[in-house]
Amino acid sequence: MAYQRKEIDIAQVQRQKDICGEILGRNQQAGATPLAMVDTYGCQQNEADSEKIRGYLAEMGYGFTDNEFEADVIVINTCAVREHAEMRVLGNVGALNHSKKARPSQIIAVCGCMVQQEHMAQKIKMSYPVVDLVFGPHELWRFPEHLKAVMDSHKRRFAAAADEGAVIEGMPIHRDRGVKAWLSIMYGCNNFCSYCIVPYVRGRERSRHPEEILKEARELVAAGYKDITLLGQNVNSYGKDLEEDVDFADLIRMINDIPGDFLIRFMTSHPKDATEKLFKTMAECEKCAHQLHLPVQSGSDRILKLMNRVYTREKYIEKARLARSYMPDLVVTTDIIVGFPGETEADFADTLSLCEEIRYDAMFTFIYSKRQGTPAATMPDPYTRADKQRHFDALMELSNTISGEKHKEYEGKTLRVLIDGETGKDEYNLSSRTNGGRLVHLKGDRSLIGQFVEVEIVSSNNWALYGRIAP
Ligand code: SAH
Ligand code: SF4
Ligand code: F3S
């Protein structure tokens, strides 16, 4: 059955905020400010979700801590994309036995993608009694209700039933003060790449209305954020589910029209839906960063087909060329999976040659991890872990070499960067990003954080550039 778009009535979100008010009242009566710890795994989407959890917690009167022994409420926001991510979560949840022993009234919640999988919710139910509350991504907006139920009943609660997801507006968001902000423009994914768990745990693709996004973007600019990243699993299909006639390129143009000095970035772009209109719009909109994260996953047509990526190597290369023809200074990055079931030496050689052809500024490489319930999990996988590791190492080496060479090309050039924080080092005490998102270390006064400055690049390595503020 086709997905029926669902929008949660704002009155229902208000009910959740009213519950926050009730908990705030109790917390105020108790005297001292209670503390909460929110620990986030996974992608930027999860970071953005954690900002909403913190938003609710702040409305309940909680302050924040990174120390589990100080926390009255702990929320672990999990990721399911690879086994390694799940293992880390389970290890850390197990270790919370200690903090709970020291503070028996502590409430421990585990939420996010990992627990949206039935077998993982079960595992926590059976093997991790320290956990009081489990809720999946679709239940996040009802976090206050679930938390209060646990507080009142002193019983464990599990809320991660299968769901296709809804669009919810009006949740409070607690962002760290700073230069960069995440802005979700859509949720879910419809692509069902054969290796990937995300569509199963995040539900169907659904876009926020442009006016809601614009309202939030205006607020971010007014609050002084200078680097705004638009988030979605596949931002290029933004708007397809809306009645309004609006696509991702149109949205960029609308955000670009907001007055102020700030940068627009976005992730992630699925190559199949990246259009010439998008590249043209990026080139024309002065606030849109010349940065494109365009995950290729593999350079082999055979593997791309098994992955259900719906493009060929040739089509991908064509798109990357087209994008660069509009923006010669475009920074292009990618994700690659090594060791997909049945990937041969020849398939891997295709991946290497594609990377040499595209010359990515940076590559994020992963060894394939089997995800229960996905089509790839049942594909024959005859190659050993050692083969995969060897390929992974070779790809990392190529990636480092190309990044290093690309960084060398910056030396002697002067470019505009946005200073976004401190490094903790003496010599190069500030960190900044180029328009294309490359990291530049420099020396300067911390009062420059949040400002755009001209920097001369004096040296580089495989990971970063080093610069001097131009006189
Ligand atoms: N929506 C984004 C990707 C989200 S997941 C996109 O399509 O580009 C981030 C990355 O994790 C993916 O690009 C992929 O390279 C990697 N990944 C996803 N599932 C994986 C798996 N089962 N094993 C290894 N890597 C995986
Ligand atoms: Fe996963 Fe593919 Fe969707 Fe990305 S586009 S989240 S890799 S299914
Ligand atoms: Fe992980 Fe969920 Fe993001 S599986 S990568 S946290 S969408």
Side-chain angles (χ1 to χ4, degrees), residues 39-50 53 76-89 110-117 120 136-138 140 160 165 182 184-206 230-238 266-274 292-299 303-304 306-311 316 332-341 343 351 360 362-379 381 385 388-389 391-392 395 399:
D39 199 6
T40 311
Y41 297 77
C43 64
Q44 290 79 7
Q45 241 106 148
N46 248 21
E47 296 286 348
D49 281 353
S50 285
I53 295 168
I76 311 282
N77 191 6
T78 64
C79 172
V81 83
R82 282 171 291 275
E83 191 184 8
H84 177 72
E86 295 187 329
M87 289 301 133
R88 271 180 59 216
V89 166
V110 179
C111 65
C113 296
M114 186 182 93
V115 296
Q116 186 64 35
Q117 307 168 99
M120 275 299 177
H138 305 301
L140 189 148
W182 309 120
S184 295
I185 63 165
M186 59 193 300
Y187 310 100
C189 180
N190 286 353
N191 291 312
F192 290 93
C193 301
S194 64
Y195 49 83
C196 184
I197 197 70
V198 172
Y200 302 88
V201 294
R202 285 274 171 175
R204 299 290 60 76
E205 226 162 68
R206 50 215 192 267
L230 311 179
L231 295 180
Q233 290 300 346
N234 176 15
V235 290
N236 298 340
S237 56
Y238 173 78
F266 56 85
M267 67 190 309
T268 298
S269 275
H270 194 302
K272 77 176 164 63
D273 302 316
L292 186 62
H293 183 57
L294 198 64
V296 69
Q297 312 298 358
S298 167
I303 296 293
L304 285 171
L306 288 172
M307 286 177 161
N308 190 29
R309 288 293 287 183
V310 212
Y311 52 82
Y316 179 93
V332 184
T333 58
T334 198
D335 291 347
I336 293 184
I337 296 177
V338 168
F340 183 82
E343 184 182 72
T351 295
Y360 292 106
M363 289 160 48
F364 301 89
T365 48
F366 309 101
I367 292 186
Y368 168 75
S369 170
K370 187 174 179 168
R371 304 288 70 209
Q372 193 173 317
T374 62
T378 55
M379 293 181 190
D381 191 3
R385 173 79 200 192
K388 297 183 182 195
Q389 187 66 48
H391 288 167
F392 180 83
L395 194 58
S399 159

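Every number for a ligand or one of its atoms is a count from 1 in the order of the listing. Nothing here was measured: the structure is a model prediction, and the numbers come from that model.
- Not a single N or O atom of Tyr368, backbone or side chain, sits closer than 3.5 Å to an N or O atom of ligand 1.
- When each atom of ligand 2 is checked for a heavy atom of Phe192 under 4.0 Å away, the hits are 8 (S).
- At a heavy-atom distance under 4.0 Å, no atom of Pro295 approaches ligand 2.
- Those atoms of ligand 1 that come under 4.0 Å of a heavy atom in Arg309, given as number and element, are 7 (O).
- For the ligand labelled ligand 3, residue Gln44 lies outside the 4.0 Å heavy-atom shell.
- The option with the heavy atom closest to atom 13 (O) of ligand 1, from among Asp335, Val296, Leu294, Asn191, is Asp335.
- The protein atom (non-hydrogen) at minimum distance from atom 15 (O) of ligand 1 is Gln297 OE1, 2.7 Å.
- Atoms of ligand 2 lying under 4.0 Å from at least one heavy atom of Val198, given by number and element, are 6 (S).
- Protein heavy atom closest to atom 7 (S) of ligand 3, with residue, atom name and distance, is Gln233 NE2, 3.3 Å.
- Coordination check, His270 versus atom 3 (Fe) of ligand 2: failed, since every N/O/S atom of the residue sits at 2.8 Å or beyond.
- The single protein non-hydrogen atom nearest to atom 4 (S) of ligand 3 is Ala80 N, 3.2 Å, given as residue, atom name and distance.
- Nearest protein heavy-atom contact of atom 3 (C) of ligand 1 is Gln233 OE1, 3.9 Å.
- Numbered from 1 in the order shown, with element, the atoms of ligand 2 that lie under 4.0 Å from a heavy atom of Cys189 read 3 (Fe), 5 (S), 6 (S), 8 (S).
- What sits closest to atom 3 (Fe) of ligand 3 on the protein, heavy atoms only, is Cys43 SG, 2.2 Å.
- By the 30° and 60° cut-offs, the orientation of the rings of Tyr316 relative to Tyr311 is tilted.
- Shortest contact from atom 5 (S) of ligand 2 to any protein heavy atom: Asn191 ND2, 3.4 Å.
- Contact annotation: for Cys79 versus ligand 3, heavy atoms closer than 4.0 Å belong to both the backbone and the side chain.
- Among protein heavy atoms, atom 22 (N) of ligand 1 sits closest to Ser369 O, 2.8 Å.
- For atom 1 (Fe) of ligand 2, the closest heavy atom belonging to the protein is Cys196 SG, 2.3 Å.
- At least one heavy atom of Arg371 sits less than 4.0 Å from an atom of ligand 1.
- Within a 6.0 Å radius of CD in Gln372, no more than 12 heavy atoms belonging to other residues, nucleotides or ligands are found.
- Contact annotation for Met114 and ligand 3: no heavy atom of the residue comes within less than 4.0 Å of the ligand.
- Per-residue contacts place Pro199 under 4.0 angstrom from the following atoms of ligand 2 (heavy atoms of the residue considered): 8 (S).
- Of the protein's non-hydrogen atoms, Tyr195 OH, 3.4 Å is the one closest to atom 7 (S) of ligand 2.
- Nearest protein heavy-atom contact of atom 2 (Fe) of ligand 2 is Cys193 SG, 2.3 Å.
- Cation-pi contact between Arg88 and Tyr41: absent, since separation from the ring centre below 6.0 Å together with deviation from the ring axis within 45° is not met.
- For ligand 1, the polar-atom distance check against Thr268 finds no nitrogen or oxygen pair separated by under 3.5 Å.
- Residue contacts with ligand 2: Arg309 is included, with a non-hydrogen atom under 4.0 Å away.
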